[in-house]
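Worksheet: the structure to be examined is printed underneath.
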Amino acid sequence: EAQVTQNPRYLITVTGKKLTVTCSQNMNHEYMSWYRQDPGLGLRQIYYSMNVEVTDKGDVPEGYKVSRKEKRNFPLILESPSPNQTSLYFCASSFSPGRTQYFGPGTRLTVL
Amino acid sequence: RKEVEQDPGPFNVPEGATVAFNCTYSNSASQSFFWYRQDCRKEPKLLMSVYSSGNEDGRFTAQLNRASQYISLLIRDSKLSDSATYLCVVTPRGDKLIFGTGTRLQVFP
């Protein structure tokens with residue numbers, strides 16, 4: 001089954017404790033991206049990757065890191081999480097930005 | 001000014017009604033346009049792409065007006081199952097995607 005998976009789905013953590021949210025796709029997509037969704041602000045792009053070893057900042061990259069060592073995986077890293085990073089996070093993949101984006105089920109993160 | 005703007009709604013309409021949403025974008029060089037549907041805090045899913053000539057998929061019609069820089073979505077014969085948030089998506093360059101904040105639709109019996 002073609003899909004984008006994210007783990008964990010839910011996470012409660014404390015300020016400053018490094019965490020990684022994994023994202024994996026099995027559709028051989030080149031383009032992958034991370035979004036956060038907050039009430040009243042919609043989905044905002046954090047980082048995106050056009051292909052392996054090619055990543056770039058989206059609109060809200062501060063406090064986040066990503067890597068793209070393999071085509072299928074695009075982990076999101078929070079080195080020192082803060083409460084303002086409490087949000088719903090989505091990973092997405094596609095063949096290109098101009099094509100259908102396939103989203104993962106979301107990760108609900110709470111930083112205390 | 002936001003890059004992509006939508007009326008947040010909610011639009012409350014009875015079953016069978018026709019409803020239309022607009023979405024304005026600020027970058028005249030924007031290349032691709034889409035409507036996504038999102039059910040309560042679930043992942044967004046593509047509803048339809050928007051082409052310059054306009055396109056229709058069953059009860060849904062999407063149109064693009066480049067001169068006025070907006071896209072529209074028309075839903076005819078609304079069903080209860082159409083209740084959701086509709087997200088407008090624009091690619092202002094070839095690599096980034098900008099989402100609108102969404103328009104909430106509630107269809108009642």
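Ranked by non-hydrogen atom pairs under 4.5 Å with chain A, the options B/Ile98, B/Leu97, B/Val4, B/Val89 are led by B/Leu97. With chain B as the partner, the residue from A/Gly42, A/Gly58, A/Pro105, A/Pro97 showing the most heavy-atom pairs under 4.5 Å is A/Pro97.
Of the two parts of A/Leu41, only the backbone, made up of N, CA, C and O, holds a non-hydrogen atom closer than 4.5 Å to a non-hydrogen atom of chain B. Neither the backbone nor the side chain of B/Pro8 comes within contact range of chain A, judged by heavy atoms closer than 4.5 Å.
Residues A/Lys17 and A/Leu78 fail the side-chain proximity criterion, which asks for heavy atoms closer than 4.5 Å. In this structure the side chain of A/Phe90 reaches within 4.5 angstrom of the side chain of A/Leu43, judged on heavy atoms.
Residues B/Leu46 and B/Leu73 do not share a hydrophobic cluster, clusters being chains of Ile/Leu/Val/Met/Phe/Trp/Tyr side chains in contact below 4.5 Å. With hydrophobic clusters built from ILVMFWY side chains whose heavy atoms lie under 4.5 angstrom apart, B/Leu87 does not share a cluster with B/Met48.
Residues passing the salt bridge (charged side-chain N to carboxylate O under 4.0 Å, His left out) test with A/Lys65, sequence neighbours excluded: A/Glu79. Residues meeting the side-chain hydrogen bond (donor to acceptor under 3.5 Å, both in side chains) test with A/Glu70, sequence neighbours left out: A/Asn73. Here A/Ser67 pairs with nothing under the side-chain hydrogen bond (donor to acceptor under 3.5 Å, both in side chains) rule; sequence neighbours left out.
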Between these two chains, chain A and chain B, I want each donor-acceptor atom pair under 3.5 angstrom written on its own line with its distance.
{"from": "A/Tyr31", "atom 1": "OH", "to": "B/Asp95", "atom 2": "O", "distance (Å)": "2.5"}
{"from": "A/Gln37", "atom 1": "OE1", "to": "B/Gln38", "atom 2": "NE2", "distance (Å)": "2.9"}
{"from": "A/Gln37", "atom 1": "NE2", "to": "B/Gln38", "atom 2": "OE1", "distance (Å)": "2.8"}
{"from": "A/Gln45", "atom 1": "OE1", "to": "B/Leu97", "atom 2": "N", "distance (Å)": "3.3"}
{"from": "A/Tyr48", "atom 1": "OH", "to": "B/Arg93", "atom 2": "NH2", "distance (Å)": "3.2"}
{"from": "A/Tyr48", "atom 1": "OH", "to": "B/Asp95", "atom 2": "OD2", "distance (Å)": "2.7"}
{"from": "A/Asp59", "atom 1": "OD1", "to": "B/Lys96", "atom 2": "NZ", "distance (Å)": "2.7"}
{"from": "A/Gln101", "atom 1": "N", "to": "B/Tyr36", "atom 2": "OH", "distance (Å)": "2.7"}

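The 12-atom threshold is exceeded at CD1 of A/Ile77, counting heavy atoms of other residues, nucleotides or ligands nearer than 6.0 Å.
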